[in-house]
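Below: one structure, written as structure tokens.
What you see is a predicted model; the values in this text were computed from it and never measured. Whatever order the structure lists them in is the order used to number ligands and atoms, beginning at 1.
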Amino acid sequence: MSDRLVIAEIDLGAYEDNLQKIRSRLTSETKLMAVVKANAYGHGAIELAKAAERAGAAYLGVVCLYEARQLRDAGISLPILILNYIDHASALEAIDLDCDVTVMDEEVIRGVGNSGKKSRLHLKVDTGMHRAGADPAQILTLAQTIQSFPNLEFHGLFTHFANADDADLSFAKVQLNVFKKVVTELENNGIRPPLIHAANSAATLCLSESHFDMVRPGICTYGLTPFSQTHLQNSQFLQEFAPVLSLKTQIIRIHEIVPGETVGYGRTFKATRPTRVGLLPVGYADGFTRSPSNWGEVLVGGKRAPVIGRVSMDQSSIDLTDIPEAQTHDEVILLGEQMNEKITADDIAARVGTINYEVVTRLTSRISRVYKENV
Ligand SMILES: Cc1ncc(COP(=O)(O)O)c(C=O)c1O
């Protein structure tokens, strides 16, 4: 059992509400896949998958066998799609776990086909992101290859958008048209898999023509925006969706230093006044970033306390000089709200030079996840 000095509090009620809000934008024919890859973007895959099932998700999206097995071992029975490339040996293990697998080349299709195992395959099309997926010109042949094996079911066709989070949706629409042409070509050849899907969070929210049979939102289900601050949809998003994760710790030591004394490795912080230093049991091994810049500030008693000196692997220091009322064991908010102040994943992303996705995804496994049920 962990010592629970650093806690990620996960509001399952908020997650289920976010999923319901997304579902309310879909027609009754469109299913929702809850994307719970990467430990549900750091939130904890097992608990979030269970909550997704309660909220009516039809599918779960993961990226590899390890993630699929974790869910099945926890007794989760919802359909699971492995969204990324998987080699045929791992695909066979995934199929034994009753998962759907993604294919994008002949080699894996034939490998799974020759195994004789009954399998549900989703073909991924590269419509312009130019990362994973098969070329649109190859899809008909690949689909026919799948159909040539009696044990293989061509269950899905999908693509992924490169910039549906952009205010300018013109490239997303180019991708959508390429995708629709592939769908039409298959239909003209009498082929129509039951699940055609394309939309990530941004497309789910802004491009309803991309909903098809299923949407695959990730980031927005966690109450984090897929949009930039300047995107018109952003403020509406922030009003509608609630962040699911708050990150908390506590002050474990308070001590005074005098002008000229320094704090931490490299002695990068030098006091210029009598300084009250608070010690936090959190460091970069928890995902509390050290460089190129750190979190910058945290909340103590509803006030902002600057992070001082270098963040260590497991500990960090803050300046409490201007918060004289702060005591050892007081709650410290690293992400989330305290009184009228808040620190969001987007604030941290802006400070450390990344995106909100990475801020939550890199919270490591030694942080205790504490789940708040819907009340
Ligand atoms: C194939 C696929 N679908 C859906 C998603 C969810 O994307 P988002 O978190 O932007 O909604 C991802 C995440 O990157 C993905 O790789």
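In this structure, atom 13 (C) of ligand 1 lies nearest to the protein heavy atom K37 NZ, 2.8 Å.
At least one N/O-N/O distance between G218 and ligand 1 falls below 3.5 Å. When only interatomic distances are considered, the shortest N/O to N/O separation between R216 and ligand 1 falls below 3.5 Å. Ligand 1 has no N or O atom lying under 3.5 Å from any N or O atom of K124, backbone or side chain.
In this structure, F288 has its ring center at least 6.0 angstrom away from the ring center of Y284.
The proximity of S201 to ligand 1, defined as any non-hydrogen pair under 4.0 Å, involves the side chain as well as the backbone. With a 4.0 Å cut-off on non-hydrogen atoms, H160 touches ligand 1 through its side chain and not its backbone.
Within the 4.0 Å heavy-atom shell around ligand 1 one finds P217. Ligand 1 does not have M33 within reach: every non-hydrogen atom of the residue lies 4.0 Å or more from it.
Nearest approach of C220 to P226, heavy atoms of both residues: CB-CD, 4.4 Å. When all heavy atoms of L32 and R23 are compared, the closest pair comes out as CD1-CG, 3.7 Å. Heavy atoms only, all atoms of each residue included: H130 and D126 are closest at N-OD1, 2.9 Å.
No donor-acceptor contact under 3.5 angstrom links the side chains of H197 and H211, judged on distance only.
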Verdict with reasoning, E256 to V277, per side-chain contact (heavy atoms from CB on, under 4.5 Å): CA-CA 6 Å; E256 309 265 346; V277 180; over 6 Å; no
